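Right, one structure below, let's go through it.
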Amino acid sequence: MSTDAKRAGNARHLEKLERVVFRLHKDGTDGLTKEQIEAAAQASGQSINAWIIDAIKDKL
């Protein structure tokens with residue numbers, strides 16, 4: 001159970017973030033799968049979000 005203060009703090013934090021959604025074909029026809037991304041993130045000791053952001057930065 002969360003308090004009103006915690007919910008308000010979470011809402012303030014989320015207001016600072018931009019949401020970007022991308023989708024992958026489950027069959028891997030995009031050239032990668034969600035499981036590959038999860039495994040790569042775990043192997044690097046990062047969250048999936050952090051790993052994807054780093055991958056995008058490397059590409060840019």
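Just so it is clear, the model here is predicted, and its values are computed rather than measured.
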Side-chain contact test, heavy atoms from C-beta onward, threshold under 4.5 Å: evaluate it for Leu32 versus Leu24 and give yes or no.
yes

Nearest non-hydrogen partners of Ile48 and Glu38, listed with the distance
CD1-CG, 3.4 Å

Hydrophobic cluster mates of Met1, side-chain heavy atoms under 4.5 angstrom, ILVMFWY only, any path?
none

Linking Ile, Leu, Val, Met, Phe, Trp and Tyr through side-chain heavy atoms less than 4.5 Å apart, which residues share a cluster with Ile53?
none

Just wondering, are more than 12 heavy atoms of other shown residues or ligands nearer than 6.0 Å to CZ in Arg23?
no

Only distances under 3.5 Å count here; give the side-chain donor-acceptor pairs of residues 9-22 to other protein atoms, sequence neighbours excluded, each with its distance to 0.1 Å.
none

Pairing residues for Asp27 by the side chain to side chain contact (heavy atoms under 4.5 Å, CB included) criterion, not counting sequence neighbours
His25, Thr29

Please list, chain by chain and in numerical order, all residues satisfying side chain to side chain contact (heavy atoms under 4.5 Å, CB included) with Ile56, sequence neighbours excluded.
Ile52, Leu60

According to the side chain to side chain donor-acceptor pair (under 3.5 Å) rule, which pairs have a member within residues 47-60, sequence neighbours left out?
Gln46-Asp54

Shortest non-hydrogen contact from Ala41 to Ser44?
O-OG, 3.0 Å

